[in-house]
Amino acid sequence: MRTSWADLAANSAADNASYANNAGSGNNTSAPPSRPAYVPPHLRNRPPPTAESPAPPPARTGPASGSGTGTGTGTGRWSAPRNEYRSGTGGSGHTSGWGNKSAGWDRGRDREVNPFADQDDSEPAFTDQENTGINFDAYEDIPVETTGENVPPPVNTFAEIDLGEALNENIRRCKYVRPTPVQRNAIPISLAGRDLMACAQTGSGKTAAFCFPIISGIMRGQPMQRPPRGVRTVYPLALVLSPTRELSMQIHEEARKFSYQTGVRVVVAYGGAPINQQLRDLERGVDILVATPGRLVDLLERARVSLQMIRYLALDEADRMLDMGFEPQIRKIVEQMDMPPPGDRQTMLFSATFPREIQRLAADFLSNYIFLAVGRVGSSTDLIDQRVEYVQESDKRSHLMDLLHAQRENGVQGKQALTLVFVETKKGADALEHWLYLNGFPATTIHGDRTQQEREFALRSFKSGNTPILVATDVAARGLDIPHVAHVVNFDLPNDIDDYVHRIGRTGRAGKKGLATAFFNDNNANLARSLADLMQEANQEVPAWLSRYAARSSFGGGRNRRSGGGDRFGGRDFRREGSFSRGGGSDYHSAGNSGGGYGASGGYAGGYGGPGVTSAWD
DNA sequence: AAAAAAC
């Protein structure tokens with residue numbers, strides 16, 4: 001406990017040095033100077049910023065300015081060989097040590113950058129903690145529900161599964177010792193070739209749960225015949241979609257570790273970043289494409305990517321991907337391009353929440369699928385101490401200040417513990433950040449009106465502890481793994497209880513404890529009931545005033561549009577619900593729901609009236 | 001009503 005956060009705080013100061021050391025990789029002393037500007041994966045194939053040339057322009061389209069050392073067979077199809085693509089190629093090759101940070105491959109003799117390089121010596125602040133220190137005791141007695149035909153049995157160890165030598169080695173490098181519950185269950189299912197709809201909390205190893213079978217399957221498959229030269233279209237074998245750019249980046253980084261030296265190539269594509277680097281990455285070969293929908297559609301329309309060869313489709317945060325804003329785009333990608341239909345591909349949907357209506361939509365993408373629900377670490381949100389305080393709009397800022405002061409006193413070694421503050425709007429995020437800044441709090445913000453560079457810098461700065469307060473919109477609500485978030489503040493509560501679930505899930509990760517504070521007032525009346533039920537289910541103390549609100553709002557108002565009860569924390573397979581029990585909540589206790597307590601909240605779901613009523617609310 | 005996601 002003390003070790004990681006204290007060390008993190010201490011080390012974040014030394015971060016510059018470690019970054020330079022890593023980059024130098026023992027072969028140069030002219031590593032980038034002090035400033036360790038974060039270099040996101042898509043920008044990493046660039047020369048280091050130096051004192052003389054502060055930063056490269058964001059887009060570098062033409063052939064690299066770098067000289068062409070090396071033999072470069074097969075590399076420079078469209079331009080001269082680029083030495084920045086082959087970090088330290090050919091023994092003597094030292095481009096800049098910075099090249100070691102680059103994400104990517106050399107074709108030809110496949111010189112792959114080691115994604116574990118960071119963790120070897122000196123960068124504990126940004127690597128280890130997401131893979132280690134998982135409190136496995138918190139995973140005992142996790143309720144698991146699987147429904148569907150011929151469900152493959154779970155495994156208890158990685159050794160029981162034949163994932164292949166190279167992948168096993170990466171699992172070891174990641175310091176994964178035992179599979180988490182979602183991995184124990186999901187991996188055998190997908191190795192058996194089955195489609196899957198899985199409800200499991202992020203931070204419990206979900207990414208690995210879909211990456212391992214994909215990588216293993218690609219390794220086993222026959223090597224794909226490369227399209228003829230000059231044809232710029234690439235044919236990934238697996239597609240992983242996620243709702244935000246930062247989440248796609250995170251998945252990509254993880255997938256790169258899992259696929260290291262397996263011959264399986266992972267490329268990420270998302271908006272807000274220059275497309276040219278992504279195009280080059282694609283041209284160098286892609287087996288697994290991780291993408292956000294907009295950029296992928298762009299690539300498909302440019303015919304730079306074809307989905308014809310897709311064997312695996314994974315949707316992360318799948319309920320989000322299928323909700324109103326995203327559904328048309330996802331349908332276009334999955335149903336109206338050239339992707340093989342369900343049955344001819346393997347489809348895996350993952351999320352922590354899976355509202356019934358969304359399950360219904362998702363079923364279109366699936367074939368004879370298995371529904372898997374894995375209760376949250378600690379079998380609910382036990383690990384997150386949830387508090388709700390009644391705060392008028394006009395008092396929110398001073399109230400937040402009180403919380404932050406308290407948090408500051410809890411800080412370690414002069415560093416505040418990380419606090420993630422969610423607000424409803426982008427403008428509100430900027431305004432709050434500015435106000436915090438004026439009041440001497442080190443805050444930054446992430447939202448969709450910021451440039452991608454700003455977003456990535458903000459996230460990096462927060463993770464490192466340099467800016468221990470992050471004001472965020474829902475862009476940061478889902479999936480992001482930010483170790484050491486001690487406190488999530490719902491400065492503005494969301495309108496949807498599922499969003500609340502995802503937001504507070506940014507803390508209390510990997511079996512560690514977390515704190516979540518929500519500011520509630522009359523504007524949130526419609527959330528009262530679902531919030532009170534949720535908290536009760538998670539063994540939290542529900543303030544009496546909130547219960548009164550909940551009781552009031554239960555007359556007609558207050559049910560959540562999207563979400564029936566029991567969809568949280570694993571939820572339940574909508575196929576199990578008979579036509580009369582659509583109304584939700586009525587048959588939670590039926591046989592087969594092994595969830596001791598989870599998913600069993602009748603509660604606010606009662607009266608949720610199925611499609612008819614849903615449309616009345618919409 | 002807002003947020004996210006392409007240029």
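Quick note on labels: first sequence line is chain A, next is B, and so on, each numbered from 1. Side chains are part of it too, since the values below use all heavy atoms of this structure and drop only hydrogens, waters and symmetry mates.
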Return the value, rounded to whole Å, for the distance between atom [atom1] of [X] and atom [atom2] of [N].
X: A:Leu247; N: B:dA5; atom1: CG; atom2: C1'; result: 13 Å
X: A:Lys426; N: B:dA1; atom1: NZ; atom2: P; result: 15 Å
X: A:Leu459; N: B:dA4; atom1: CG; atom2: P; result: 14 Å
X: A:Asp449; N: B:dA5; atom1: CG; atom2: P; result: 11 Å
X: A:Phe326; N: B:dA5; atom1: CZ; atom2: P; result: 6 Å
X: A:Arg455; N: B:dA3; atom1: CZ; atom2: C1'; result: 11 Å
X: A:Asn276; N: B:dA6; atom1: CG; atom2: C1'; result: 14 Å
X: A:Asp430; N: B:dA2; atom1: CG; atom2: P; result: 16 Å

| task | Verify the contact: side-chain N or O of A:Thr473 to OP1 or OP2 of B:dA4, cut-off strictly under 4.0 Å; return yes or no. | result | yes
Taking any heavy-atom pair under 4.0 Å as a contact, classify [X]: base, sugar-phosphate, or nothing.
X: A:Val475; result: sugar-phosphate
X: A:Gly325; result: base
X: A:Asp298; result: base
X: A:Arg302; result: nothing

| message | Would you say that A:Phe326 contacts A:Leu322 through its side chain, given a criterion of any heavy-atom pair below 4.5 Å between the two side chains? | response | no
| field | Flag, side chain of A:Asp195 to backbone of A:Ser367, donor-acceptor distance under 3.5 Å | value | yes
If you only use heavy atoms from C-beta on, which nucleotide in [options] is closest to the side chain of [X]?
X: A:Glu424; options: B:dA6, B:dA5, B:dA2; result: B:dA2
X: A:Gln329; options: B:dA3, B:dA1, B:dA5; result: B:dA5
X: A:Arg245; options: B:dA4, B:dA6, B:dA2; result: B:dA6
X: A:Thr244; options: B:dA6, B:dA2, B:dA4; result: B:dA4
X: A:Thr425; options: B:dA1, B:dA2, B:dA4; result: B:dA2
X: A:His447; options: B:dA4, B:dA6, B:dA2; result: B:dA4

| query | Are A:Trp545 and A:Phe520 an aromatic pair by the rule of ring centers under 6.0 Å? | reply | yes
| message | Whether the side chain of A:Asp499 and the base of B:dA3 hold a donor-acceptor pair under 3.5 Å is what I'd like checked. | response | no
| field | Face-on cation placement of A:Arg460 at A:Phe457 ring, 6.0 Å and 45° thresholds | value | no
| query | Between A:Lys396 and A:Phe491, is NZ or CZ placed under 6.0 angstrom from the six-membered ring centre and within 45° of the ring axis? | reply | yes
